[in-house]
Novice: 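Below is the structure I would like to discuss, written out as structure tokens.
In what follows, chains are A, B, ... by sequence order, proteins preceding strands, each numbered from 1.
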Amino acid sequence: MVEVALHTPTAGSKRGAPVLSSDLALRAVPMGEDEHALNLLVEGVHCANCIARIERTLNARDDVTEARVNFSTRRLYVRWRGVADVAREIVDSVEALGYGAIPFDPDILASQGSEESTALLRAMGVAGFAAANVMLLSISVWAGLWSDMDATTRDFLHWLSAVIALPAIAYSGRPFFRSALAALRGGHTNMDVPISLAVILAAAVSLVETIGGGVHAYFDASITLLFFLLVGRYLDLRARAEARRSAERLLLLRATSALVETEDGSLSYIAVEDLSPDMVVRVAPGERFPVDGKIMRGETDIDASLVTGESEPQTAGQGISVFAGTMNLNAPVAVRVGRTGEDTLLAEIVRLIEDAEQGRARFVRFADRVARWYAPAVHILAAATFAGWVIFSVAGWQVALLHAVAVLIITCPCALGLAVPVVQVVASGRLLKRGILLRSGDALERLAAIDTVVFDKTGTLTMGRPVLTNYDEIPDDCHAVARDLASASLHPLSRAVQTAFGSGEPPADAREVAGCGVTATINGVTWRLGKRDWCGAAQRPAKGTGSELWLSRDGKPVAGFAFDDDVRPDAARTIDALMARGFRIELLSGDRCEVVDRVGDALGITKRRGGVSPTDKVARLRELEAKGCCVLMVGDGLNDAPALAAAHASMSPASAADISQIQADLVFQGDRLEPVMTALSVGARANRLTMQNVGLAILYNAIAVPFAMAGFVTPLVAAVAMSSSSLLVTTNALRLKRADPSETQ
Amino acid sequence: MNIIAILIPVALLLGALGLAAFIWSIRTGQYDDLDGAARRILIDDDPADPPAEQ
């Protein structure tokens, strides 16, 4: 997991760093004589209208022969006649519609997952067909047992069943047989061993019975069992594929190339992975630094909020170190690539993550834990039945084998194989509807154990961007000027001004002075928008507590703007609700203590710490763990990534650094904090249902197994018992579909 | 009882048809985008008409 991670934690680069044209043309795949195709990942598609707009716009071009959006995977496939360079125009037109478009190579994104799922689907279809037809024939046989069916007809129907069931079992059973064989070769056992054994033995015994003209043929039980288990296996695969897809999407969003200055002064694009120390990289305003290094030329402000949690931008000039993932705010700079060795910040973070992940690897899924004792128990029961009948009965070994097979069929793990995946699928569907992506399959289970929630501040509890707080105090005649000056800058405070007053037209001679602000001359008047002393102001704006900005006219200050990094709109309610449910809440931030205290007071979080380094965050989580707490870490910064990996479970907002999103189990979208509540609630309910289903399965086994061992289970009883128990656990799992008031506050 | 000589092949044939249809639908990628298929029904497609918005 870690090595994918991460030369470039470039969150938010979706719109910030454009993909280069040269890259795009390379990604276009030649198709046939004069056609090219391009696979794109489109961001922001959420309804039928989006599909229609994208497809219609592209199809309206004369050269496009096919454009199709796959809504489930958010992918767009475009094919056109002509040269590869058209790719740029295609991406531009999709982006012009307001959607993000990132090219990807379909070969790199594991396509074997979809092949596997198609194979399973086909096996499921065959098993379903065979199960339905064999059941049809079996019902005739069972009905005949009570009426006057003669032996010839019964044997004929048995033979017919055999002809349908045996090839179907051979075909559809392969996923289980293969996995069982692999387990046996490795000298251990898994759930697929008893499943394979039950299916194969039942089919074999039934064939022997049929040849001998006997009454007991279990073809129906054997193939129906296979069908149910294939349904479960397919759902499980889909849920895992879903989680993998969201992980892949994050990887694709990383910036892929950097603009490098060669010795003769020319510029060329190089993949970030291929950068080596002492190369000189140019970084434009609005881009994130692709590597750690030192500034060679230029002076600029740097937004490090995603890396350190520090909410205010820092000014950096020649010789100052910059870190990968921080954003260049105002001027183009040239950066000498630093050593890519062990002492970069990123290497440190990656090392911490690796350490932290080792703890996580110890977690074993509940289903696997149950399977560990369930599989041997099933084998022992079946063997005991066989031995018991051989020793204590005169009926012969064929009858003993028949009863042993009945035990295997009855104990088959439908509750684990079918009901657990159904719970998973329904739960992840519920979360997805609320904008929460599940990134790992066992995260739901881990969520259920959580009793402590640790939050990061910047970008997690707060929005991670400043908001103007004293709109009313700004004189009306200043609005337009402030708006125009602000639109010449990418600084977070300038953006906040634009958010408040709308975006304007940057004045023709607008100039940004690093570490100071923006200046321009309009109609002979020199305006400045920037730092307090640069604008000649003496004290803070009246209401100001956080960041500030001043506007001056010919050197005289005329307006002071106060900003605060606003807490998420429902943060207070969510924290209250979490506390009311008995969760312990903590706040760990890399930002300055006074800012942390202010946010903590506003939200009523008493356990809080500011100025915490990534190592300290992990240490605090370890401390909590040692006390027996199960911690959910919610964070977004690069500095949170090790803690996200170390926590029992973790969540990130979709605005987080990529490296953090990759570490997080769940990623939530939107400005609200409520998803934390929703995820905890869904996790708890999913866990409850899983436990109930396993309980039901054990109860059912406790009743049915003694009958099977005693030899009372005929093919009819086996079929009814198995189907009804599968239906029962599946129906129970589907209860998760119903809304629950605990998911909202 | 001779009726089953007709009914059983008929039942099997119908089942096989269903199976063939299912496999055909997998082959032609009809399960690749289930969510999209549900939404596409809402799109008014009139290929002769260029997009009205813009």
Novice: What part of Ile23(B) lies closer than 4.5 angstrom to a heavy atom of chain A: side chain, backbone, both or neither?
Specialist: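 Side chain of Ile23(B) only, per the 4.5 Å heavy-atom cut-off to chain A.
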Novice: So how far is it from Ile51(A) CD1 to Arg40(B) CZ, rounded to the nearest 0.5 Å?
Specialist: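 If we round to the nearest 0.5 Å, Ile51(A):CD1 and Arg40(B):CZ are 5.0 Å apart.
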Novice: Identify which of Val69(A), Asn59(A), Ile164(A) forms the greatest number of heavy-atom pairs closer than 4.5 Å to chain B.
Specialist: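 Of the candidates given, the most pairs with chain B belong to Val69(A).
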Novice: Would you indicate whether Asp150(A), at its atom CG, is surrounded by more than 12 heavy atoms from other residues, nucleotides or ligands within a distance under 6.0 Å?
Specialist: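 Yes - once you tally the heavy atoms of other residues, nucleotides and ligands closer than 6.0 Å, there are more than 12.
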Novice: Ala37(B) versus chain A, heavy atoms under 4.5 Å apart: side chain, backbone, both or neither?
Specialist: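 Neither part.
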Novice: For a quick test of reading the model, state the closest non-hydrogen atom pair linking Ala52(A) to Ile43(B) and the distance between them.
Specialist: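 Shortest heavy-atom contact: CB-CG2, 3.7 Å.
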Novice: Calculate, to the nearest 0.5 Å, the distance between atoms CD1 and OG1 belonging to Ile26(B) and Thr118(A) respectively.
Specialist: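 The OG1 atom of Thr118(A) is 7.0 Å from CD1 of Ile26(B), to the nearest 0.5 Å.
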Novice: Could you look at Asn70(A) and say if it's the side chain, the backbone, both or neither that has a heavy atom under 4.5 Å from chain B?
Specialist: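 Contact with chain B is through both the backbone and side chain of Asn70(A).
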Novice: If you round to the nearest 0.5 Å, how far is CZ of Arg75(A) from CG of Asp33(B)?
Specialist: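 Output value for this atom pair is 11.0 Å.
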Novice: Taking CD1 in Ile41(B) as the centre, count heavy atoms belonging to other residues, nucleotides or ligands within less than 6.0 Å. Is the count above 12?
Specialist: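 Check fails, neighbour count at 12 or below.
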Novice: Examine whether an atom of Leu121(A) lies under 4.5 Å from a heavy atom of chain B, and if so say whether it belongs to the side chain, the backbone or both; otherwise answer neither.
Specialist: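 Contact with chain B involves both backbone and side-chain atoms of Leu121(A).
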Novice: Does the side chain of Phe22(B) come within less than 4.5 Å of Val126(A)'s, by heavy atoms?
Specialist: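 A side-chain contact is absent here, since even the closest heavy-atom pair is not under 4.5 Å.
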Novice: Taking the side chain as C-beta and beyond, is there a heavy-atom pair between Phe156(A) and Ile8(B) under 4.5 Å?
Specialist: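 Yes, their side chains come closer than 4.5 Å.
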